[in-house]
Amino acid sequence: MSSNPDVNGERLWDSLMELARIGATPKGGNARLALTALDGQGRDLVVGWMKDAGLTVTVDRIGNIFGRRAGTDAERAPVMTGSHIDTQPTGGKFDGCFGVLAGLEAIRTMNAHGIQTRAPIELAIWTNEEGSRFIPVMMGSAVFIGKESLETTLAQQDRDGLKVGDELRKIGYAGDAQVGGRPVDAYFEAHIEQGPILEIEDKIIGVVTGSLGLNWYDVVVTGMEAHAGPTPMPVRKDALYAASFLLQQVIQIGRGHGPAGRGTVGVIDALPASRNVIPGAVKFTVDLRHSDASVLAEMDAEWNAACERIAAEHGVTVECQLVQNFPPTPFDESLVAAVRNGAASRALPAMDIVTGAGHDAVNMASVAPTAMIFVPCKDGISHNEIEYAKPEDLEAGCNVLLDALLARAQRVA
Ligand SMILES: [Zn+2]
């Protein structure tokens, strides 16, 4: 049994639904793109709730919001939790919002039960996690950890040429606090899974042990364009035909390193894109992922070998360029254990899982011990207006978050 109180699941759900009214879409989703007027309204609503809960609110220069609940030991760095409230253009009600409002609900529960923690608790709302309107994705946390420069990021423009810095000012969230350099004792983030594994395995809590590493490649296959009629099959250098073998390799490499292996071709262009011309060039993207850096390196070697072999077999050239690499990020073992214990003490069916998607937590892991808590989302679907999570699962995830926050904040340093 958990010795902690239970969160108020109804209050959590009601807050989620109230936030979801801002930027509601006809199909039941949310469109609250980063730094739009609607994002501003969403921020105002949640900041109001933070203040009602007695939190001291600070906004930094990239618009990250921190709400602090004092601890009994003013010397201690805060135990932080949070996520984001911006959404995709056709996003759902739970991606990000759950992490922020679960943190708020955990704090409201501490308030309701008069729980004083040794370490302060901080609730964070990170700017522009989705990266839909402005790049990079996970912007606020990336600047916070020093991975992106503040000046460059403030100058980023959307498709209409509007700048991050100006848009922050317009919605009233160009804060004056320094970005980063804020001590963090630990960071927990609750999130919907955005995949189908918990549902398939019939579990309620995903104990996230880390994130998948990824390699992105841009590939160009060059053969020779020729007339589709007069050119006999044996003499062709068909770039698209050769590429079809490469595409299969990508999938096989992903499948061959399961369950944590992934291989995806997301974009493909055949040129000159004419129905009676044998394609002379094909450009495509490759996304390989794995939770283990050495396996990801193996997948990279297999992929490069496949490029060479298929180029030779088909008499084409294959140029493959690695354009992005994120190493796998293992989360902190003691924080992961706190999540696992929370689930166990509340008798919630749980399993270890890795995150295939990027999260602010993955950035935070480079500056503070970090862990995440996943709850199931219906059919594993997110970044979609039909995204759905059950109230009882969200409540369960929030209870585990409360337990994990308290376990860390009450620790005798
Ligand atoms: Zn998210």
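Order of appearance sets the numbers: ligands from 1, and atoms from 1 within every ligand. Note that the coordinates shown come from a computational prediction; the quantities given were computed from them, not determined experimentally. One is the number of the first residue; the rest follow in order along the sequence.
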**Request:** Give the intermediate values and the outcome of side chain to side chain donor-acceptor pair (under 3.5 Å) for residues His290 and Glu298.
**Result:** CA-CA 10 Å; His290 204 279; Glu298 246 172 69; over 6 Å; no
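When all heavy atoms of Lys93 and Gly28 are compared, the pair lying nearest together is NZ-O, 2.9 Å.
At the Zn ion (ligand 1), the vertex angle linking OD1 of Asp95 with NE2 of His191 is 90° (nearest 10 degrees).
Under the 6.0 Å distance and 45° angle rule, Arg182 counts as a cation-pi partner of Phe66.
Among the atoms of His359, none of the N, O or S atoms falls under 2.8 Å from the Zn ion (ligand 1). Using a cut-off of 2.8 Å, one finds that Glu130 contributes no N/O/S atom close to the Zn ion (ligand 1).
Ring centroids of Trp216 and Phe284 are separated by 6.0 Å or more, keeping the two rings apart.
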